[in-house]
Amino acid sequence: MKSYGFSINFKDDASREHYEALHRDVWPEVKDAFEKMGIKSMQLFHMPPLKLFMYIEADERLVIERDFKQYVNIGPKVKEWDELCGGLLKRLENNQGVTDWLPMEKIYAYDRRDHRVEF
């Protein structure tokens, strides 16, 4: 299992509110796409005023540089979801990477759980 952290900004407060509303009921096709990519867990965190942090745990199939770009090709509903959500986000100025989400460098990890993490 691999884990990743990413960051991006919301365009404004209205965008943040719309994004949060969309994520109260993520479409089944989007969840299926995550599974096809090897994503086992995804969590989103908001840091005021406009920062968004994404944490992903995935199996060995996931290759960020390849799969984040190919994600929209999984199906028309996935592409529609990506366009809806992506239109609410703003790439960080210091992001020189291949995805809009800025990969974060992991500096520490501790995990001794033997049960599912609830949120």
Side-chain angles (χ1 to χ4, degrees):
M1 193 71 67
K2 301 183 289 186
S3 62
Y4 304 90
F6 301 91
S7 187
I8 199 165
N9 281 338
F10 293 108
K11 288 184 176 178
D12 52 35
D13 281 326
S15 296
R16 178 191 52 78
E17 290 172 8
H18 188 195
Y19 191 91
E20 288 178 3
L22 286 169
H23 282 80
R24 287 186 197 107
D25 189 23
V26 176
W27 301 346
E29 297 88 350
V30 173
K31 292 178 184 179
D32 291 344
F34 293 155
E35 182 64 29
K36 287 178 184 171
M37 293 168 59
I39 295 173
K40 300 300 181 190
S41 174
M42 176 186 291
Q43 298 177 45
L44 297 169
F45 300 87
H46 171 229
M47 185 174 78
L50 298 174
K51 185 78 65 194
L52 181 61
F53 167 72
M54 177 170 54
Y55 175 77
I56 293 175
E57 291 181 351
D59 64 29
E60 300 301 320
R61 289 179 291 160
L62 182 68
V63 178
I64 297 300
E65 296 79 13
R66 177 194 69 208
D67 296 334
F68 271 29
K69 287 194 245 179
Q70 295 298 320
Y71 164 76
V72 296
N73 297 325
I74 292 175
K77 294 296 282 184
V78 175
K79 182 177 172 74
E80 181 183 351
W81 178 267
D82 187 69
E83 289 170 353
L84 274 172
C85 293
L88 304 171
L89 304 173
K90 183 173 91 173
R91 185 182 181 102
L92 297 175
E93 291 178 14
N94 62 330
N95 184 358
Q96 304 299 316
V98 297
T99 70
D100 286 340
W101 288 82
L102 177 66
M104 300 173 75
E105 180 182 351
K106 186 186 302 184
I107 60 171
Y108 178 76
Y110 175 82
D111 188 348
R112 295 282 296 180
R113 64 186 154 169
D114 58 358
H115 62 280
R116 184 171 178 219
V117 176
E118 298 295 328
F119 60 95

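Keep in mind it's a predicted model, so treat the numbers as computed, not measured.
Looking only at distances, a side-chain donor or acceptor of Lys2 sits under 3.5 Å from a matching main-chain atom of Leu62. Judged purely by atom type and a 3.5 angstrom limit, Asp82 has no side-chain atom pairing as donor or acceptor with the backbone of Gly86. With hydrogens and angles ignored, the 3.5 Å screen pairs no side-chain donor or acceptor of Arg16 with any backbone N or O of Leu88. Under a 3.5 Å cut-off, the side chain of Lys11 and the backbone N or O of Gly87 do form a donor-acceptor pair. With Asp67 contributing its side chain and Val63 its backbone, the two residues share a donor-acceptor pair below 3.5 Å.
A 4.5 Å side-chain heavy-atom check between Ile56 and Phe34 finds every atom pair outside the cut-off. Between Tyr4 and Pro103 there is no side-chain heavy-atom pair separated by less than 4.5 Å. By the 4.5 Å heavy-atom criterion applied to side chains, Leu102 and Ile8 are not counted as neighbours. Contact annotation: the side chain of Val72 never approaches that of Glu83 to less than 4.5 Å [non-hydrogen atoms, C-beta and beyond]. Put simply, the side chain of Lys90 does not reach to within 4.5 Å of the side chain of Leu50, judged on heavy atoms. Contact check for Tyr19 versus His46: no side-chain heavy atoms found under the 4.5 Å cut-off. Under the 4.5 Å side-chain criterion, counting only non-hydrogen atoms from C-beta, Tyr71 is in contact with Val30. Looking only at side-chain heavy atoms (C-beta outward), Trp81 and Leu22 come within less than 4.5 Å of each other.
Residues Phe10 and Val26 share a hydrophobic cluster, clusters being chains of Ile/Leu/Val/Met/Phe/Trp/Tyr side chains in contact below 4.5 Å. Note on Ile64: it does not cluster hydrophobically with Leu92, by side-chain heavy-atom contacts below 4.5 Å among ILVMFWY residues.
In this structure, Glu93 places its CD atom where only 12 or fewer heavy-atom neighbours from other residues, nucleotides or ligands lie under 6.0 Å away. For Lys79, the NZ atom counts as loosely surrounded, since its 6.0 Å shell holds 12 or fewer non-hydrogen atoms of other residues, nucleotides or ligands. Residue-environment remark: NZ (Lys40) exceeds the threshold of 12 foreign heavy atoms within 6.0 Å.
Put simply, NZ on Lys36 and CZ on Arg61 are 11.0 Å apart, with the number rounded to the nearest 0.5 Å. Remark: Glu29 CD to Ile74 CD1 distance equals 12.0 Å, nearest 0.5 Å. To the nearest 0.5 angstrom, Thr99 atom OG1 is 14.5 Å from Arg66 atom CZ.
Under the side-chain contact (heavy atoms from CB on, under 4.5 Å) test applied with Leu52, the options Phe45, Trp101, Phe6 reduce to a single match, Trp101.
With sequence neighbours excluded, the residues that form a side chain to side chain contact (heavy atoms under 4.5 Å, CB included) with Met104 are Ser7, Phe53.
Of all heavy-atom pairs between His23 and Cys85, the closest is CE1-SG, 3.7 Å. The two residues Met37 and Phe68 make their nearest non-hydrogen contact at CE-CD1, 4.1 Å. When all heavy atoms of Ala58 and Ile39 are compared, the pair lying nearest together is CB-CA, 3.9 Å. The shortest non-hydrogen separation linking Arg91 to Asp100 is NH1-OD1, 2.9 Å.
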